[in-house]
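What follows is a single structure, written as structure tokens, with notes after it.
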Protein chains: 2
Amino acid sequence: MWSTHDMGPPLRLTRAAAKARTRELLLAAAAQVFAEHGYAGASVDEIAAQAGYTIGALYSHFSGKDELFLTLFDLHAAGHLRDIEEIIRQCTGDPDFTALGDYLATLADNDSCRWALESEFRRHAMTRPELMARLAERRAAGQTAIAGLMPCRRPGTAQCAEDDAALVITQLEGLILQRRLNPASVPPGLFAEALRRFFPPPTWAGGG
Amino acid sequence: MWSTHDMGPPLRLTRAAAKARTRELLLAAAAQVFAEHGYAGASVDEIAAQAGYTIGALYSHFSGKDELFLTLFDLHAAGHLRDIEEIIRQCTGDPDFTALGDYLATLADNDSCRWALESEFRRHAMTRPELMARLAERRAAGQTAIAGLMPCRRPGTAQCAEDDAALVITQLEGLILQRRLNPASVPPGLFAEALRRFFPPPTWAGGG
DNA sequence: GTCTATACAAAGATAGAC
DNA sequence: GTCTATCTTTGTATAGAC
């Protein structure tokens, strides 16, 4: 036995690791609560409780509600970029976008709180210039990454690829959000259909 | 003189009209405040003050914050449908969508509070099944209206037009929201470009 | 590092005066 | 129909015990 009390094995977590774990739990809980109630409607009390702690613990990790929110705001920028990289990876070897369409539908269906949270970020940013700039910046980065994939309609103009990338991103994002509201209206095949419009196959399928 | 006091002309508004006017002022103020702070962050006090009244007046017109929000929610559904009708009207006689593109850009630029409010409606609906159903229903109506315009890729299937309409709506809406975040990334011409992808011209412009 | 207790402020809603 | 005053709840943040 390791101890006089029935504690099981000594926690293998170092103090630093334990602290980091608490922080992660708080952030995950915050994501859920902010997604459900919005920034103002979320109470730090509920966030702490959702994570299995009390406000005291929360305030020892974050200066307050605002820092918690801004931390999530930036964390989700990273997640957004990872998604785009995954989408780009799946583009190769999936000429008719069936697999990628399924992936995007799954992306919409999982993480129920994620898209509500993104909507809250957007609304919040819309009335706060400094957040709006940060959001625009992160979206521009994603757009440039997608632009590298675009077949250029009018070769020679880089702007053309950027414009097309903006179309792809807003189209896919719009479809994801619509699928969350009404899954039947956006079957996985519709994602593929949308993508085929932007990335036409190298060979023409003459109807007949 | 009309009165012993310096009141100016007797208000031409009937009592019913005056009441309706107060109601409209309160609704307009509520739209602004909900857009800026979200549902939970908006205080009925600020809404009333913004309209030029106090809470007492507000509560004589609405049962509370929730009824105010839901009334706006349904009012904006009507505005949404009017937009779509206007878009459809502009489609005729605008073969390359230049005018319609400008119109959509203007739609994004005006009513700064409107799109923040729509984002709030969406986020709110995402975690409330009954609101989600109402929102999905109103969007389905708009989609069907657009579907009537679609050239059918695979004639004979009505589902095809509905699918294409879903693509058009999510694309344009996504562009409008992106333009609000960063106008430079979505010039008016990009709306036109997007529309041309869905409504190809009857004659092919052979590159050359 | 986490919890309990608490100070302090803000907001939703109601009652009654005018 | 609108305003003022008030009740009550909720929530942020802090202080101090362990």
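Throughout, a chain's letter reflects where its sequence line sits, starting with A, and its residues are numbered from 1. Hydrogens, waters and symmetry mates play no part in the numbers below; they use all other heavy atoms, side chains included.
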**OP:** Look at all strands and tell whether A:Ala40 reaches a base, only sugar-phosphate, or nothing, counting heavy atoms closer than 4.0 Å.
**Re:** nothing
Subject >> Sugar-phosphate, base or nothing in reach of B:Ser43, heavy atoms under 4.0 Å >> reply: sugar-phosphate
Original post:
B:Phe73 ring centre to B:Arg138 NZ or CZ under 6.0 Å, with the angle to the axis within 45°?
Top reply: yes
Original post:
Does the side chain of B:Gln171 pick up a donor-acceptor pair with the side chain of A:Thr170 at under 3.5 Å?
Top reply: yes
Original post:
Closest to the B:Ser60 side chain: D:dA13, C:dC3, D:dT2?
Top reply: D:dT2
Subject >> Given C:dG1, D:dT2, C:dA5, the nucleotide with the shortest approach to the side chain of B:His61 >> reply: D:dT2
Subject >> Spacing between A:Asp66 atom CG and D:dA13 atom C1', to the nearest angstrom >> reply: 14 Å
**OP:** Measure up the A:Phe69 and A:Phe34 rings against each other and bin them: parallel (under 30°), tilted (30 to 60°), perpendicular (over 60°).
**Re:** perpendicular
Original post:
Is it true that A:Phe199 and A:Phe97 have ring centroids separated by less than 6.0 Å?
Top reply: yes
Original post:
What is the distance from CG of B:Leu68 to P of C:dG12, rounded to the nearest Å?
Top reply: 11 Å
Subject >> Spacing between B:Glu67 atom CD and C:dA13 atom P, to the nearest angstrom >> reply: 11 Å
Original post:
So how far is it from B:Leu68 CG to B:Leu26 CG, rounded to the nearest 0.5 Å?
Top reply: 7.0 Å
**OP:** Would you indicate which nucleotide in C:dT2, D:dC3, D:dA13 comes nearest to any side-chain atom of A:Tyr53?
**Re:** C:dT2
Subject >> Side-chain N or O of B:Thr22 closer than 4.0 Å to phosphate OP1/OP2 of D:dT2 >> reply: yes
Original post:
Rounding to a whole Å, what distance do you find between A:Ile55:CD1 and C:dT4:P?
Top reply: 10 Å
**OP:** Would you classify B:Gly56 as touching base, sugar-phosphate or nothing, given that sugar-phosphate means primed atoms plus P, OP1 and OP2, and contacts are heavy atoms under 4.0 Å?
**Re:** base
**OP:** Taking only the side-chain heavy atoms of A:Thr54 (C-beta and beyond), determine which of C:dA13, D:dT12, C:dT4 contains the nearest atom.
**Re:** C:dT4
**OP:** Quick one: label A:Tyr59 by what it contacts on the DNA or RNA (base, sugar-phosphate, nothing), any heavy atom closer than 4.0 Å.
**Re:** base
**OP:** Assign B:Ala48 to base, sugar-phosphate, or nothing according to its heavy-atom contacts below 4.0 angstrom with the strands shown.
**Re:** nothing
Original post:
Could you state the CG-C1' distance from B:Leu58 to D:dT4, rounded to the nearest angstrom?
Top reply: 15 Å
Original post:
For A:Lys65 and C:dA9, what is the distance between atoms NZ and P respectively, to the nearest whole Å?
Top reply: 18 Å
Original post:
Quick one: A:Asp45 CG to C:dT6 C1', roughly how many Å, whole number?
Top reply: 14 Å
**OP:** Give the rounded distance in Å between these two atoms: CZ of B:Phe62 and C1' of C:dT14.
**Re:** 18 Å
